[in-house]
Protein chains: 2
Amino acid sequence: MSKFTFFGGKGGVGKTTVSAAFGVRSANAGDETLLVSTDPAHSTSDVFGQSFGDTPTQVTGYDGLSAMEIDPDAEVEAHLQGIRKQMAEQVSQVVVNEIDRQIEMAHNTPGAYEAALFDRLIHVMREESAPFDRVVFDTAPTGGTLRLLSLPEFLGDWVDRLVEKRQQSLDRYEMAAIGDTEPRVDAETDPIIARLRERKERFAFAGRTLREDAVFYLVCNPDELSVAETRRAVEHLRSHDLAVAGLVVNKLTPEPDPEEDGTGARYLRERCAREHERVEEVETTFSVPVVARIAARSGEITADVLDEVATELPVRPPSA
Amino acid sequence: MSKFTFFGGKGGVGKTTVSAAFGVRSANAGDETLLVSTDPAHSTSDVFGQSFGDTPTQVTGYDGLSAMEIDPDAEVEAHLQGIRKQMAEQVSQVVVNEIDRQIEMAHNTPGAYEAALFDRLIHVMREESAPFDRVVFDTAPTGGTLRLLSLPEFLGDWVDRLVEKRQQSLDRYEMAAIGDTEPRVDAETDPIIARLRERKERFAFAGRTLREDAVFYLVCNPDELSVAETRRAVEHLRSHDLAVAGLVVNKLTPEPDPEEDGTGARYLRERCAREHERVEEVETTFSVPVVARIAARSGEITADVLDEVATELPVRPPSA
């Protein structure tokens with residue numbers, strides 16, 4: 001069994017609900033499960049009527065299920081503060097002021113949000129995940145984040161050459177400044193080199209884990225726009241060697257009872273017919289199977305409907 | 001009456017349908033109307049069952065209504081080709097190759113798409129709009145595009161100082177190269193200066209027109225995500241001195257007939273109740289009035305439902 005399960009998809013399709021339901025099902029199946037939500041609206045807390053924070057907490061009433069909520073904004077802030085602090089230790093005050101300005105600008109780029117969140121997810125995969133059999137994320141890497149996965153290959157040679165050059169420059173500096181013939185500072189202990197090596201190693205871990213120990217599902221809704229976006233997401237993940245195991249079609253309009261008649265029933269039947277066509281299109285034109293079909297709920301999603309949603313979800317991925 | 005009407009909102013909320021309906025209503029009211037669609041799915045062509053391209057074309061069966069469809073991808077391509085060509089005339093081949101690489105990269109940035117589309121919209125406002133009383137766009141400037149509106153102020157002083165410096169350098173070059181005491185090349189005719197002046201003037205026109213001769217509506221759906229996004233869009237437009245005249249709530253679930261009963265009717269009634277709450281929230285917490293409430297359609301949107309949708313839309317903006 002793969003340890004990590006990701007539910008990706010555009011905002012609003014219902015990733016958080018589907019992930020929570022899957023977490024419940026996984027725990028019920030006997031797997032010690034951690035549910036990780038990155039939804040800024042904290043809907044995992046709403047679903048279970050219990051407040052979750054940045055560390056895994058047992059979900060009351062659900063044996064074997066823990067949950068945590070990551071606040072992406074706080075992560076961006078912490079991430080940039082970390083960069084600032086590290087830089088401040090290595091460069092002069094003038095440079096620090098300039099870096100501050102750059103960081104302020106970087107704060108507002110969409111890439112910063114993604115990168116910080118991805119860093120946090122990698123941390124969860126390495127650290128917080130240890131005591132669990134399965135970890136469920138209500139997000140999947142997208143766009144620029146996926147590009148970070150190819151970083152280790154690019155960084156590989158470059159870091160090696162950099163170490164060499166840095167060693168030479170350290171040697172000369174030492175010899176010039178101190179007059180020793182044997183330098184005492186070593187590139188192996190240089191903080192900048194260490195940071196580059198650490199980054200390279202971190203993304204290499206992420207790439208390996210996502211490719212070898214993770215399952216990806218995409219959640220979509222039965223409308224044209226969502227289907228088109230999902231098609232792009234499947235291709236995009238594939239182009240980074242990440243295979244989508246299945247699609248979850250969420251928010252299907254429920255069929256009226258057979259004897260129902262009138263404006264409302266006619267509306268629902270026509271709508272269902274169109275959504276049917278859409279799902280059929282997905283089934284016949286996507287290279288990825290539809291693994292679950294979930295009906296729309298009219299009310300607020302709370303824990304009592306999760307079991308119902310969960311029965312639709314496969315706790316073991318299909319052998320595609 | 002303002003000449004330009006913009007319908008903004010996130011993808012999928014129904015901007016194109018609402019714009020088409022508004023165009024029909026405007027033409028029926030006796031105003032010579034041009035409908036401009038930027039929807040890459042060409043849904044304006046689908047709605048009217050008639051193919052539209054990049055130039056205004058009379059809509060068959062609708063007196064006083066013309067339509068055009070702008071292909072944003074083609075615009076990005078043309079825009080970048082234009083930059084490439086212009087650069088090639090002014091710099092060496094080595095620099096051109098480097099620029100080519102940069103342009104290839106720029107092609108994939110979301111900003112390029114927005115900027116190219118905005119350039120095209122400005123062109124429509126200046127040129128194609130001339131024979132019409134009213135021009136309806138199924139998009140509104142967002143994000144980075146809005147920032148372009150403040151460009152003229154920033155460019156103002158900078159261009160003036162640049163002209164001065166460029167004139168000095170041209171003078172010296174002429175004197176050194178030719179030995180004349182009176183230079184013959186003039187900053188006034190310099191192509192780089194001309195290009196900067198043209199840009200400054202173009203965005204100044206856009207800012208003026210959007211502030212003084214345009215009406216903005218935002219289309220949203222009665223769900224939490226759409227309402228939150230609309231709230232941000234209103235604020236964002238306001239921060240650039242663009243006032244939203246009204247909100248159009250689209251895709252409201254239709255109420256079942258009073259005598260209907262059963263699973264379907266219960267689902268619809270609960271859904272309607274939630275959407276009602278959402279609309280009430282919009283009405284009480286937004287500083288912008290809801291000017292239209294439009295019911296969801298179960299089928300493909302075609303011209304025959306446009307009149308029905310149009311009756312909901314105010315052809316004159318409310319005096320907010």
Side-chain angles (χ1 to χ4, degrees), chain A residues 9-16 39-43 46 105 108-111 143-144 147 220-229 232 236 251-278 295-301 305, chain B residues 9-17 39-43 46 105 108-111 143-144 147 220-229 232 251-278 295-301 305:
Chain A
K10 278 272 166 171
V13 294
K15 294 186 294 293
T16 304
D39 181 13
H42 304 290
S43 37
D46 289 347
M105 279 172 61
N108 293 311
T109 63
R147 233 170 295 143
C220 71
N221 296 155
D223 63 72
E224 234 167 305
L225 201 70
S226 184
V227 169
E229 281 166 350
R232 280 194 295 271
H236 199 206
K251 299 194 184 175
L252 282 158
T253 300
E255 291 273 358
D257 300 332
E259 68 277 12
E260 281 188 84
D261 196 19
T263 315
R266 274 194 302 278
Y267 167 80
L268 287 175
R269 285 199 182 95
E270 280 172 34
R271 221 184 139 90
C272 288
R274 286 201 75 195
E275 292 181 0
H276 232 83
E277 285 174 27
R278 202 65 66 220
R297 318 278 146 176
S298 51
E300 214 70 65
I301 303 283
V305 303
Chain B
K10 277 270 167 174
V13 293
K15 295 186 294 294
T16 304
T17 306
D39 181 13
H42 303 289
S43 39
D46 290 347
M105 280 173 61
N108 294 312
T109 61
R147 235 171 294 142
C220 71
N221 295 155
D223 62 74
E224 234 167 304
L225 200 70
S226 184
V227 168
E229 283 167 349
R232 280 195 294 272
K251 299 193 184 177
L252 282 158
T253 300
E255 291 273 358
D257 300 331
E259 68 279 10
E260 281 188 83
D261 197 17
T263 315
R266 274 195 302 278
Y267 168 80
L268 287 175
R269 285 199 183 96
E270 281 173 33
R271 219 184 141 90
C272 287
R274 287 202 75 195
E275 293 181 0
H276 232 83
E277 284 173 28
R278 203 65 65 222
R297 318 279 147 176
S298 50
E300 213 70 65
I301 302 284
V305 304

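Numbers restart at 1 for each chain; the letters A, B, ... are given by sequence-line order, proteins then strands. Everything numeric in this text was worked out from a predicted model, so none of it was measured.
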K.L.:
Looking at chain A, which one of B:Ala296, B:Pro256, B:Gly262, B:Gly12 has the largest number of heavy-atom pairs inside 4.5 Å, strictly under?
P.N.:
B:Gly262
K.L.:
Between A:Thr263, A:Asp261, A:Thr253, which shows the greatest number of heavy-atom pairs under 4.5 Å with chain B?
P.N.:
A:Thr263
K.L.:
For chain A, which of B:Gly11, B:Cys272, B:Pro254, B:Ala265 has the most heavy-atom pairs under 4.5 Å?
P.N.:
B:Pro254
K.L.:
Can you measure from CZ (B:Arg266) to CD (A:Glu260) and round to the nearest 0.5 angstrom?
P.N.:
7.5 Å
K.L.:
Please state whether the side chain, the backbone, both or neither of A:Ala273 comes within less than 4.5 Å of a heavy atom of chain B.
P.N.:
neither
K.L.:
Which region of A:Asp223, side chain (C-beta onward) or backbone (N, CA, C, O), has a non-hydrogen atom less than 4.5 Å from a non-hydrogen atom of chain B, or is it both or neither?
P.N.:
neither
